[in-house]
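Residue numbering restarts at 1 for every chain, and letters A, B, ... go by the order of the sequence lines.
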Number of protein chains: 2
Amino acid sequence: MEPIKQRYSHQRETILQVVQSTLVHPNADWVYKETRKIIPNISLGTVYRNLNQLVESGRILKLKDEAMVRYDGNTGQHDHFRCSKCGKWYDVELIDQSIFKSFAEKHDFRIESFNLELEGTCKNCLDS
Amino acid sequence: MEPIKQRYSHQRETILQVVQSTLVHPNADWVYKETRKIIPNISLGTVYRNLNQLVESGRILKLKDEAMVRYDGNTGQHDHFRCSKCGKWYDVELIDQSIFKSFAEKHDFRIESFNLELEGTCKNCLDS
DNA sequence: AAGTTAATAGTAATAGTTACTGTTATGTTT
DNA sequence: AAACATAACAGTAACTATTACTATTAACTT
Ligand SMILES: [Mn+2]
Ligand SMILES: [Mn+2]
Ligand SMILES: [Zn+2]
Ligand SMILES: [Zn+2]
């Protein structure tokens with residue numbers, strides 16, 4: 001069988017740029033609203049479909065929030081801190097990943113990704 | 001203002017026992033079906049309300065699955081491996097938590113919980 | 001230029017969860 | 001023990017994030 005053909009689409013590239021242009025780790029609706037500033041008649045379904053494809057092809061990351069999915073244009077190795085008060089996501093410095101690598105070998109699983117998430121209260125919320 | 005009064009309820013205690021009796025890290029519907037074996041006319045709303053209360057009071061843990069919430073009756077310190085093929089959650093041995101503790105001090109955040117999640121393919125799925 | 005079909009806009013449907021409402025049961029006060 | 005106050009309940013409606021559907025458009029192939 002033939003390889004799946006993925007065609008270029010203006011919408012997909014715009015969505016990718018929107019996700020890559022921010023540090024907010026947006027959800028689908030945020031991406032939708034931002035993308036509509038560039039393509040006013042884009043459909044919400046198109047945003048969802050393309051976000052999923054971009055995750056599938058590894059060009060963006062998928063994050064799990066409380067009751068929503070969030071996306072991350074930064075596909076480099078990093079972890080997250082989530083503020084339980086304001087809901088903001090912050091990138092944090094990575095612990096040496098070799099810790100996890102050696103850990104992986106103790107188990108009978110094929111480990112494909114490590115995800116370390118810290119939760120608490122951010123500086124902003126602590127100050128105010 | 002007075003402290004919130006939490007009354008005993010047969011339903012809540014049964015739900016707690018159901019969650020504590022398993023290692024599957026169940027979602028709300030699984031808990032609902034299991035609890036109905038004991039209290040046949042319990043309402044799904046009651047299950048959700050009590051699961052939330054049990055999380056709130058720290059008697060069970062809340063986990064984020066792909067598009068669902070899961071619960072864990074094991075509130076001891078441990079981490080998880082999730083199989084992306086069969087969706088099962090496994091408890092895994094904890095890395096020395098002091099790693100995270102020292103890490104926390106580098107940041108201007110008040111860190112309240114660490115959550116390490118590994119994803120990949122489990123032994124069962126690798127074999128078959 | 002004509003043909004193929006991936007991708008789209010728009011909308012309907014699904015699924016997990018929460019909100020509401022009248023009734024029941026738990027814990028308290030007479 | 002009886003009356004009371006209200007947390008919790010069963011049952012159901014509403015909400016919300018996401019996916020599915022459908023007729024049309026546009027990207028690539030021949
Ligand atoms: Mn990030
Ligand atoms: Mn567990
Ligand atoms: Zn905050
Ligand atoms: Zn598996």
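In this structure, B/Asn52 reaches the sugar-phosphate backbone alone: every heavy-atom distance under 4.0 Å involves primed, P, OP1 or OP2 atoms, never a base. Within 4.0 Å of A/Asn50, counting heavy atoms only, lie sugar-phosphate atoms of the nucleic acid but no base atom. If you check every strand for non-hydrogen atoms under 4.0 Å, B/Tyr48 touches a base.
Atoms OG and CG, on B/Ser43 and B/Asn50 in that order, are 10.5 Å from each other to the nearest 0.5 Å.
Distances from the side chain of A/Asn41 to the nucleotides C/dA7, D/dC9, C/dG10 place C/dG10 closest. Nearest to the side chain of A/Ser9, among C/dA7, D/dA27, D/dT12, sits C/dA7.
Between B/Ala28 and A/Thr46, the residue anchored closer to the 5' end of DNA chain C is A/Thr46, taking for each the nucleotide with the nearest heavy atom. Summary of the strand contacts: B/Gly45 and B/Gln11 both lie near DNA chain D, and taking for each the nucleotide with the nearest heavy atom, the more 5' one is attributed to B/Gln11. Each of B/Tyr8 and B/Met68 has a nearest nucleotide on DNA chain C; the 5'-most of these lies closest to B/Met68.
No hydrogens or angles were tested; on distance alone, a donor-acceptor pair under 3.5 Å links the side chain of A/Arg7 to the base of C/dT5.
Note on B/Arg12: a side-chain N or O is less than 4.0 Å away from OP1 or OP2 of D/dA8. The shortest distance between the side-chain N/O atoms of A/Gln6 and the OP1/OP2 oxygens of D/dA27 is not below 4.0 Å.
Around NZ of A/Lys88, the count of heavy atoms belonging to other residues, nucleotides or ligands within 6.0 Å does not exceed 12.
With sequence neighbours excluded, the residues that form a ring-ring contact (aromatic ring centres under 6.0 Å, His included) with B/Phe81 are A/Phe109.
The closest donor-acceptor contact from the side chain of B/Ser57 to the backbone of B/Leu54 lies under 3.5 Å. A donor-acceptor pair under 3.5 Å is formed between the side chain of B/Arg12 and the backbone N or O of B/Arg7.
For the helix from C/dA1-D/dT30 to C/dT30-D/dA1, the terminal axes (five pairs an end, C1' atoms, rotation from four pairs onto the next four) enclose an angle of 30°, given to 10 degrees.
Salt-bridge check for B/Glu13 with B/Arg59: passed, with a basic side-chain N closer than 4.0 Å to an acidic carboxylate O.
Relative orientation of the A/His80 and A/His25 rings is perpendicular, given thresholds of 30° and 60° on the angle between their planes.
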